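Heads up: the structure comes next, in structure tokens.
Residue numbers count from 1 along this sequence. Remember, it's a predicted structure, so these values are computed and weren't measured experimentally.
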Amino acid sequence: MAQAASGGGGAGPCPLLLPVLLLFLPGLAAGPAGMLQPRDTPSRERRELGGLWSFRADLSPGRDAGFAQRWYRRPLRQTGPVIDMPVPASFNDITQDPSLENYIGWVWYEKEVLLPLRWLQGDPAPRVVLRFGSAHYYSIVWVNGVQVVEHEGGHLPFEADISSVVQGSPDTLCRITVALNNTLTPHTLPPGSIQYMTDKSRYPRNYFVQNTRFDFFNYAGIHRPVVLYTTPAAYIDDITVTTTSSDSVAMVQYQVAVVGSTASSLSLSLRDQEGKVVATADGPVGELKVLNPNLWWPYLMHENPGYLYSLEIRGKGLDWPLIVKDFNLLRWLGANSFRTSHYPYAEEIMDLCDAYGIVVIDESPGVGIKLPESFGNKSLQHHLAVMEELVRRDKNRPSVVMWSVANEPASELPPAAHYFKTVIAHTKALDPSRPVTFVTDANYALDRGAPYVDVICVNSYFSWYHDPGHLEVIPVQLTAQFENWYKTYQKPIIQSEYGADSVPGLHSDPPLMFSEEYQQAMLREYHSIFDKKRKEYVIGELIWNFADFMTNQGTTRVLGNKKGIFTRQRQPKAAAFVLRDRYWKIANESSCLPPVITSHSLFLK
């Protein structure tokens, strides 16, 4: 298998990282603890389970008929009507049925696959693993009627060893059943609440709605690829790689966790991008020395960005057109970084960031944490577990330079101090090599989580949500924002969101809100202050937003959020050309300036 990886990296304007592409060759592959991304190797196989699955929403009043009638015990079609549902996809964004678009509760998926005999035989037989790239939000999975895994949380992978279930089966049929619940509570990430409407004169019986505190549509379903893969009985469970480097030498520290075999039989070879072996080592823990290393640089900051090495470890293992289009648009803009707002992106996207030299602020699903009960111990313990999953998945990636634990929480509330002190400290313990932040929109004097971050990430929408229509207030208010935050904390600052809605084709002179001209004018006002503060302590700027996206229906939204500089069809608005001129000008000024950053919030599943 292969996992794009690198050592951590530190804060600073010019990330100098030795990147490593990990190749696990004969005999070893990924295990459940490390959650390394599965790839085909000579010693293992992978089978994609994308395509059409059988699907049914549980429309019973209590949403519990599937459990009461044990739908997982036999084929789903035998328990009632089913429809075809593509995987990966969002079930509430596929059909023409409005009841599914607004559905909250348990839904059921099923897929029947035939396994090769070679997966079920042998002495010993190979280990068979079922892996979900992500499913939103709470998942229970059965194989041939036997429960194999239960997982809370979307956006991150989970898997189960199903060897004992399928290898004990009298035939090669593997029936995979998934019960999925998209209900959000005050203790989930992101949080939400269920409101029951009891006024029978206004609402139907048993009527309820899902309330959320975030500004995007709550897509639900099996959102990322589902795969079956095999490993030998002895396999690599996890790998951690960290690097330190200078212009003349790099040291690569590695730690390999092995299951089912003596770790002393491991040998490692590090190859450069041309395939030449530049260092070797033996054993599960050690260090590789590389002379005159080729360091990993972001796009536009070096003539050869995204350089990757390959680390071979031997033992005795989406919508691609849209993804490639978006990366082409990033490069056209001259942007070299983005924040995964507001949840972890798919591993396939992260692979391209590694290869293309795109710097990433990797963000958890901690969006909409507004209610006091969402800062309690139950929520905190889940947040810690989510950060463990995120760091475990992405810790070895050269493109990831910072962790973000949340977006726009109610960080002015008293319990936020203990909450964010704990989450940030836990994340730093998991990965001491990278800075940790969260994105705030609180007042600098009231924010109780800011003392614990390494970098201040602040969102503001002057002349939009504040003083709407008054572009003249931006210089005064934005300057005061930066000076107040820096005077209070003496930490580097990133403008992590700014922008304005614009309806494509709507024009106005003088610029009025929602016109393309107003969006252009707002950006230029912000940029004038960025250019002054960029010479001092402002280390990055993130436009909100890369492309228009869907939100819940409401009186302030016309078919979603229109703050994109591109439409949902990826056509440029006038603002895209403003940013392109700016980003390329900055890139041409110097090859060692802080990365120019653009929020890339595509809301990919």
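- Applying the salt bridge (charged side-chain N to carboxylate O under 4.0 Å, His left out) test to Lys111 and every residue at least two apart in sequence or in another chain returns nothing.
- A distance-only check finds no donor-acceptor pair linking the side chain of Glu363 to the backbone of Ser404 [under 3.5 Å].
- Between Phe327 and Tyr356, the ring planes lie perpendicular to each other; the angle is over 60°, past the 30° to 60° tilted range.
- The aromatic rings of His155 and His136 are tilted relative to each other, their planes meeting at an angle between 30° and 60°.
- Here the straight-line distance linking atom CH2 of Trp297 with atom CG of Asn336 works out to 11.5 Å at 0.5 Å rounding.
- Under the 3.5 Å distance criterion, the side-chain polar atoms of Tyr137 are matched with a main-chain donor or acceptor of Leu189.
- Side-chain contact between Arg213 and Glu408: absent, with no pair of heavy atoms (C-beta onward) separated by less than 4.5 Å.
- Within the structure, every pair that satisfies the ring pair (Phe, Tyr, Trp, His ring centres under 6.0 Å) test and touches residues 553-573, not counting sequence neighbours, is listed here: Phe546-Phe566.
- Residues Trp485 and Tyr537 have side chains not in contact (no heavy-atom distance under 4.5 Å, counting atoms from C-beta outward).
- Counting only distance, with no hydrogens or angles, the side chain of Asn182 and the backbone of Trp106 share no donor-acceptor pair below 3.5 Å.
- By the 4.0 Å N-to-carboxylate-O rule, Asp581 lies too far from Arg524 to be salt-bridged with it.
- The main-chain N or O of Pro98 is never found under 3.5 Å from a side-chain atom of Gln96 such that the two would form a donor-acceptor pair.
- Residues meeting the side chain to side chain donor-acceptor pair (under 3.5 Å) test with Ser364, sequence neighbours left out: none.
- Asp354 contributes no side-chain N or O that, together with a main-chain N or O of Leu308, makes up a donor-acceptor pair within less than 3.5 Å.
- Using a 4.0 Å cut-off between charged nitrogen and carboxylate oxygen, Arg568 and Asp548 do not count as a salt-bridge pair.
- Here Tyr138 pairs with nothing under the ring pair (Phe, Tyr, Trp, His ring centres under 6.0 Å) rule; sequence neighbours left out.
- No side-chain N or O of Asn304 forms a donor-acceptor pair with one of Asn294 less than 3.5 Å apart.
- When every heavy atom of Leu300 is checked against every heavy atom of Gly334, the shortest pair comes out as CD1-O, 3.3 Å.
- Taking each heavy atom of Ala89 and His223 in turn, the nearest pair found is O-CD2, 3.5 Å.
- Side-chain atoms of Arg582 and Leu523, non-hydrogen and from C-beta on, never get closer than 4.5 Å to each other.
- The environment of CD in Gln553 is sparse: at most 12 heavy-atom neighbours from other residues, nucleotides or ligands sit within 6.0 Å.
- Using a 4.5 Å cut-off on side-chain heavy atoms (C-beta onward), Met513 and Pro468 make contact.
- One distance of note links CD1 of Ile104 with CG of Asn211; it measures 10.0 Å at 0.5 Å rounding.
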I'd like to know whether Leu130 forms a side chain to side chain contact (heavy atoms under 4.5 Å, CB included) with Val226, so could you lay out the CA-CA distance, the side-chain angles of the two residues, the decisive distance to 0.1 Å, and finally the verdict. CA-CA 7 Å; Leu130 174 62; Val226 183; 3.9 Å; yes

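- A donor-acceptor contact closer than 3.5 angstrom links the side chains of Asn459 and Ser496.
- The shortest distance between side-chain heavy atoms of Trp296 and His302 does not fall below 4.5 Å.
- For CG of Leu559, the number of neighbouring non-hydrogen atoms (other residues, nucleotides, ligands) closer than 6.0 Å is 12 at most.
- Nearest heavy-atom pair across Val359 and Pro298 is CG2-CG, 3.3 Å.
- Note: Phe530 and Tyr498 have perpendicular aromatic rings, judged against thresholds of 30 and 60 degrees for the angle between ring planes.
- Neither side chain, Glu541 nor Tyr526, offers a donor N or O lying under 3.5 Å from an acceptor on the other.
- Taking the side chain as every heavy atom from C-beta outward, Cys353 and Tyr345 never approach each other to under 4.5 Å.
- Note: Glu388 CD to Thr427 OG1 = 9.0 Å, rounded to the nearest 0.5 Å.
- Side-chain N or O atoms of Tyr219 include none that pairs as donor or acceptor with a backbone N or O of Asp93 at under 3.5 Å.
- The line from CG of Leu330 to CD1 of Ile358 is 5.5 Å long, rounded to the nearest 0.5 Å.
- For the salt bridge (Lys or Arg N to Asp or Glu O under 4.0 Å) condition, the pairs that include at least one residue of residues 454-476, sequence neighbours left out, are Lys428-Asp454.
- For the pair Lys563 and Tyr461, the distance from NZ or CZ to the six-membered ring centre is under 6.0 Å and the angle to the ring normal is within 45 degrees.
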Kindly indicate, with the supporting measurements, whether the criterion side chain to side chain contact (heavy atoms under 4.5 Å, CB included) is fulfilled by Phe462 and Gln481. CA-CA 10 Å; Phe462 304 125; Gln481 169 198 278; 3.6 Å; yes

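- Take Glu45 and apply the salt bridge (charged side-chain N to carboxylate O under 4.0 Å, His left out) test, not counting sequence neighbours, and it matches Arg118.
- Remark: the backbone N or O of Val453 is paired with a side-chain donor or acceptor of Lys491 at under 3.5 angstrom.
- A pairwise comparison of heavy atoms in Leu180 and Tyr109 identifies CD2-CE1, 3.9 Å as the closest pair.
- Using a 4.5 Å heavy-atom cutoff, the side chains of Val227 and Pro38 are in contact.
- Within the 3.5 Å criterion, the main-chain N or O of Ala442 finds a donor-acceptor partner in the side chain of Thr440.
- In this structure, the side chain of Trp403 does not engage the main chain of Ile424 through any donor-acceptor pair within 3.5 Å.
- Between the side chains of Gln210 and Asn218, not a single donor N or O lies within less than 3.5 Å of an accepting N or O.
- The aromatic rings of Phe216 and Tyr343 stand perpendicular to each other, their planes meeting at an angle above 60°, with 30° marking the opposite boundary.
- Summarising the geometry, atom CE belonging to Met402 is positioned 4.0 Å from atom CD1 belonging to Ile494; distances are rounded to the nearest 0.5 Å.
- Judged by the 6.0 Å and 45° rule, Arg131 forms no cation-pi pair with Tyr229.
- Closest of all the heavy-atom pairs between Ile543 and Gly499 is CD1-CA, 4.4 Å.
- Listed for the Arg434 side chain is a donor-acceptor partner under 3.5 Å among the backbone atoms of Val400.
- A salt bridge does not link Glu348 to Arg224: none of the charged side-chain nitrogens sits closer than 4.0 Å to a carboxylate oxygen.
- Taking the charged nitrogens against the carboxylate oxygens, Lys573 and Glu516 have no contact shorter than 4.0 Å, which rules out a salt bridge.
- For the residue pair His470/Gln477, the side-chain donor-acceptor check at 3.5 Å is not satisfied.
- Heavy-atom minimum distance, Ala500 versus Tyr518: CB-CD2, 4.3 Å.
- Rounding to the nearest 0.5 angstrom, the gap separating the CZ atom in Arg397 from the CD atom in Gln37 is 6.0 Å.
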Would you sort out whether Phe514 and Lys562 count as a side chain to side chain contact (heavy atoms under 4.5 Å, CB included), showing the intermediate values? CA-CA 8 Å; Phe514 292 98; Lys562 292 292 193 295; 5.9 Å; no

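- Contact of the Val178 side chain with the Glu110 side chain is not registered, since no non-hydrogen atoms from C-beta on lie closer than 4.5 Å.
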